[in-house]
Amino acid sequence: MEAKKAGTSLESLMSSFNTRILELQDLVIARNMYPATSITDLSAVDAALKAMELQLHSIKDHLRDETLAIPKAKKLIDASLRQEKKLQSMSVYAPSYLAERMMTTNLETNRCLMSEFSKQDATVGSLKHEEEPAALPKEKKGRGPPPLWYITANELDSLSSYMRGRLTLEKVNAAINDMATYAEANAHIIAAPKKKLAENLWEKSLELRDIAMTEAVKGKHFFLENDIKGPAMKLDNTGKAILTVLRHLGRISETRIGHHRVIILLKPQ
């Protein structure tokens, strides 16, 4: 029995060795089948892994920078919100179209400055060529931009309900903006030389100049009733009510010169 068990164990051991030998043979055959391609594939896998590691490090660095920037961004957002609140509180007292009006005025000012600078450059150039001193041209005196004296909510509320009617602060201040536009257009027509005026404006220019020289209007910005053509100010019941309110609040005065009804823009005292 013992001899039989020993033989069985030996056969089992020999079978295990044979199986292991076959596995090793298979591995050697598999290794020797495609040696060049297997090395290339392994190199490509290694390169791809290295590239992924570099990208991962880059992402980590970017995340660290973003994390460090979060407190600064929070401070900037808080400052922006505080500034927004200040601007909102300021905008309550300024008409929505004031920015547009100021932009137009700034553009006109810039054009005037550029024209004046070009005149001065021409004068300096002539001085260099002639090598003789010459008097600089005298600066023309202008009346400046027309006054934009808007009314406040308190002023509108102080009026009687009969005079105020359905007028709102926005409507009245939009009309003031239109009036300044009319007066500015008339000032340009008065100051423009004849050669720069269209034929249909020359007669109006002469009339406006005569009106501008009268004692009641001299040195002031004004417009005629016929100039009222919108967009906000119109010769309807609302427009007449606005004129009444502005006369009462001291923003305008009126006079009649010839057959014209002249509205004069007043400045704060």
Side-chain angles (χ1 to χ4, degrees), residues 94-123 136-151 170-236 239-240 242-243 246-247 249-269:
S96 58
Y97 41 80
L98 182 58
E100 179 182 355
R101 178 68 190 173
M102 290 300 296
M103 186 180 296
T104 304
T105 304
N106 289 337
L107 289 174
E108 293 291 336
T109 304
N110 291 336
R111 282 198 290 267
C112 293
L113 288 174
M114 290 299 293
S115 175
E116 191 64 29
F117 288 153
S118 63
K119 289 179 182 178
Q120 291 180 3
D121 290 342
T123 304
L136 291 174
K138 292 183 179 180
E139 185 180 357
K140 293 183 179 180
K141 293 183 179 179
R143 284 182 256 182
L148 280 170
W149 190 8
Y150 297 108
I151 71 168
E170 288 292 323
K171 284 183 181 179
V172 178
N173 284 336
I176 291 175
N177 196 63
D178 282 357
M179 292 177 184
T181 303
Y182 306 150
E184 190 172 12
N186 286 341
H188 284 308
I189 293 174
I190 292 171
K194 182 178 180 180
K195 61 182 179 181
K196 291 188 178 181
L197 288 174
E199 281 186 40
N200 59 337
L201 290 178
W202 177 240
E203 290 185 5
K204 182 177 181 179
S205 175
L206 295 176
E207 283 186 334
L208 292 175
R209 290 178 184 180
D210 291 339
I211 293 171
M213 293 303 295
T214 59
E215 195 63 30
V217 182
K218 193 172 183 179
K220 300 174 182 176
H221 286 89
F222 69 94
F223 63 95
L224 309 180
E225 186 180 39
N226 296 335
D227 295 328
I228 300 175
K229 297 177 181 177
M233 183 69 179
K234 297 179 182 179
L235 276 177
D236 52 12
K240 293 175 182 178
I242 290 174
L243 290 175
L246 293 179
R247 274 198 312 271
L249 295 176
R251 274 15 180 218
I252 62 172
S253 64
E254 294 183 11
T255 185
R256 183 165 288 277
I257 300 175
H259 62 280
H260 290 295
R261 182 186 177 191
V262 182
I263 295 98
I264 303 167
L265 303 183
L266 302 180
K267 297 180 180 180
Q269 298 298 326

Worksheet item: Does any non-hydrogen side-chain atom of D227 lie less than 4.5 Å from one of K204?
Response: yes

Discussion item. Is it the case that the side chain of T181 and the backbone of N177 share a donor-acceptor pair, with hydrogens and angles ignored and the cut-off at 3.5 Å?
Written reply: yes

Item to complete: Please step through side chain to side chain contact (heavy atoms under 4.5 Å, CB included) for the pair L266 and S253, ending with a clear verdict.
Response: CA-CA 7 Å; L266 302 180; S253 64; 3.8 Å; yes

Worksheet entry | Contact summary for P146 and A180, nearest pair of heavy atoms | CG-O, 3.3 Å

Worksheet item: Any donor-acceptor pair under 3.5 Å linking the side chain of H221 with the backbone of G144?
Response: yes

Discussion item. A side-chain contact here means heavy atoms from C-beta on lying under 4.5 Å apart; do Y182 and L224 qualify?
Written reply: no

Fill in: Note, I264 side chain near F223 side chain (heavy atom, < 4.5 Å)
no

Discussion item. With side chain to side chain contact (heavy atoms under 4.5 Å, CB included) as the criterion, how do I242 and M233 come out once you've worked through the C-alpha distance, each side chain's angles and the decisive distance to 0.1 Å?
Written reply: CA-CA 8 Å; I242 290 174; M233 183 69 179; 4.2 Å; yes

Practice prompt. Evaluate the side chain to side chain contact (heavy atoms under 4.5 Å, CB included) criterion for residues K229 and L235: first the C-alpha distance (whole Å), next the side-chain angles of each, then the deciding distance (0.1 Å), finally the verdict.
Written response: CA-CA 8 Å; K229 297 177 181 177; L235 276 177; over 6 Å; no

Discussion item. Measuring only between side-chain heavy atoms, which start at C-beta, is M179 closer than 4.5 Å to L265?
Written reply: yes

Worksheet entry | Sub-4.5 Å side-chain heavy-atom contact between I176 and W149 | no

Item to complete: Would you sort out whether L201 and K196 count as a side chain to side chain contact (heavy atoms under 4.5 Å, CB included), showing the intermediate values?
Response: CA-CA 10 Å; L201 290 178; K196 291 188 178 181; over 6 Å; no

Practice prompt. For I190 and A212, work out which heavy atoms get closest and say how close.
Written response: CD1-CB, 4.0 Å

Item to complete: For residues E207 and H259, determine if any side-chain heavy atom of one lies less than 4.5 Å from a side-chain heavy atom of the other.
Response: yes

Item to complete: Taking N186 for its side chain and L208 for its backbone only, find out whether a donor-acceptor pair lies under 3.5 Å.
Response: no

Worksheet entry | Any donor-acceptor pair under 3.5 Å from R251 side chain to L249 backbone | yes

Response to the item:
Distance col, row K234:NZ vs K240:NZ, nearest 0.5 angstrom, shows 14.5 Å

Practice prompt. Check side-chain contact (heavy atoms from CB on, under 4.5 Å) between E254 and all other residues, then give those that pass, not counting sequence neighbours.
Written response: L243, R247, I252, R261, I263

Practice prompt. Side-chain contact test, heavy atoms from C-beta onward, threshold under 4.5 Å: evaluate it for H260 versus N226 and give yes or no.
Written response: yes

